[in-house]
Amino acid sequence: MKLTRTLTALAIGLVLSGAGWAQQTMRISISVGQNSHQGVGIDTFAREVERRTSGRIKVQTFYSGSLGGERESIEAVQLGTQELTLTSTGPVPNFVPEARILDIPFLFRDKPHARAVLDGPIGQEMLGHFDGKGFKALAWAENGIRHMTNSKRAVNAPDDLKGLKMRTMENPVHVAAYKGFGIVTTPMAFPEVFTALQQGTVDGQENPLSVIMAAKFDQVQKHLSLTGHVYSPAIFLMNKAAFDKLSAADKTAFIEAAKEAVKANRARVDEDDSKGVAELRSKGMSVIENVDKSRFVSALAPVNAEFEKQFGKANIDRIRNFR
Ligand code: EAX
């Protein structure tokens, strides 16, 4: 039965490619809107795949969680009901536990440090861990450095976070760390966040300026503090079987397309970071730019000791000290 199906698929594939007009359509999704760092990422990816396969493979782009939130999209890619997604690492640890280490707060000094780690041997090794779980991880992209917003009060110091009810990603490392700040954590899929903030189900949330702007959280949040408490990676994930089916040349095309997409994505993050504060202020947010980061780092000392036990201090130091 299975063999018959495989042979039939193969035969159809041969006929179509022989005829030279075979066009295959794949789907890629993001949870934020098109006008965003992730939007330019998947738009660039789609364009590059099409160009590099001379139009044989089309990539249809879906924005704003229209195919589901990030966890659902990752699931769909794993199952193969959807070929591709660009997602933050939020829900990734539930699928690939090895990736948890990248979500540790204050792990990276800045974006250049994070990008160097992800593009270097550590990041490349990490991409390999997705193989055994039904994914082909094409490349590390970027969601950005996360900051806190809320509707209750200005956050200057860690104590100001105590008792705030905040939406977090469905990420065990973030949840553990934010509890360490005294935050009342409410994990939630991204497509539900705007309404939850609007209705006061939660007081706040945390995200990079790119996401705060794209999602228009300024409409439902008064206070923004540039806590920069964690770097948020993103990743281009593809269904492993769909990738394996590609010819060697097309595999290269997909990987190169992802690399081009990452360039566009990171450039947009940089642009958003440089204009974000002014833009969000102009929309009415009250922004605290200079928080004393060392106090936030100290507040997480007990949680960090836990992480060192869990992930191995040497593994964390390897990332921290990477140059
Ligand atoms: O990837 O869930 C989140 O807060 C993510 O940062 C967002 O979906 C963009």
Side-chain angles (χ1 to χ4, degrees), residues 28-43 45 61-77 84-95 99-100 102-105 108 111 114 118 137 139-150 165-175 177-178 183 185-198 201-218 220-221 224 227-237 261-262 264-266 268-269 272-273 276 280:
I28 190 165
S29 67
I30 53 172
S31 68
V32 291
Q34 180 173 17
N35 183 12
S36 69
H37 60 319
Q38 295 188 12
V40 301
I42 64 169
D43 287 352
F45 179 77
T61 47
F62 295 86
Y63 314 96
S64 306
S66 61
L67 295 185
E70 293 188 328
R71 183 175 42 76
E72 291 164 308
S73 299
I74 298 169
E75 256 160 27
V77 168
L84 293 136
T85 192
L86 170 60
T87 176
S88 79
T89 48
V92 163
N94 304 315
F95 300 85
R100 284 178 310 174
L102 298 174
D103 295 313
I104 295 177
F108 299 106
K111 283 181 290 183
L118 295 172
W140 287 110
E142 184 164 83
N143 195 28
I145 295 179
R146 303 178 82 91
H147 305 292
M148 310 245 184
T149 72
N150 81 93
K165 193 167 177 192
M166 304 242 309
R167 175 270 174 173
T168 72
M169 294 202 285
E170 298 163 279
N171 181 292
V173 177
H174 285 196
V175 170
Y178 303 164
I183 289 171
T185 53
T186 308
M188 191 186 289
F190 188 76
E192 293 160 41
V193 179
F194 188 92
T195 307
L197 294 169
Q198 191 171 40
T201 316
V202 290
D203 303 321
Q205 65 85 45
E206 43 75 59
N207 250 304
L209 294 180
S210 297
V211 177
I212 296 171
M213 287 191 283
K216 300 189 164 47
F217 286 156
D218 51 89
V220 286
Q221 297 278 270
L224 165 63
T227 45
H229 53 279
V230 69
Y231 177 85
S232 184
I235 189 164
F236 274 94
L237 291 179
V262 170
N265 156 252
R266 286 174 177 171
R268 175 64 183 261
V269 170
D272 288 345
D273 278 345
L280 291 167

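Because the structure is a prediction, the values reported are computed rather than measured. We're numbering straight along the sequence, starting at 1. Whatever order the structure lists ligands and atoms in, that order sets their numbers, starting from 1.
Residue R146 has at least one heavy-atom neighbour below 4.0 Å for each of these atoms of ligand 1: 3 (C), 4 (O), 6 (O). Short contacts between ligand 1 and Q38, defined as distances under 4.0 Å to a heavy atom of the residue, involve ligand atoms 1 (O), 9 (C).
Taken to the nearest 0.5 Å, the CG atom of D103 stands 6.0 Å off from the CE atom of M169. The line from CZ of R167 to CD of Q205 is 7.0 Å long, rounded to the nearest 0.5 Å. If you take OG on S210 and CG on N265, they are separated by 8.0 Å, rounding to the nearest 0.5 Å. A distance of 8.5 Å separates OG1 in T89 from CD1 in I235, rounded to the nearest 0.5 Å. Considering CG of L280 and NE2 of H147, their distance stands at 10.0 Å, rounded to 0.5 Å.
An N or O contact shorter than 3.5 Å is missing between S232 and ligand 1 by distance.
The protein atom (non-hydrogen) at minimum distance from atom 8 (O) of ligand 1 is S31 OG, 2.7 Å. The closest protein non-hydrogen atom to atom 4 (O) of ligand 1 is R167 NH1, 2.7 Å. Among protein heavy atoms, the minimum distance from atom 6 (O) of ligand 1 is reached at N207 OD1, 2.6 Å.
Checking E170, E206, M169, R71 against atom 3 (C) of ligand 1, the nearest heavy atom belongs to M169. Remark: among candidates M188, E70, Q205, the nearest residue to atom 1 (O) of ligand 1 is E70, based on non-hydrogen atoms.
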Criterion side chain to side chain contact (heavy atoms under 4.5 Å, CB included) on T201 and E192, from CA distance to verdict: CA-CA 11 Å; T201 316; E192 293 160 41; over 6 Å; no

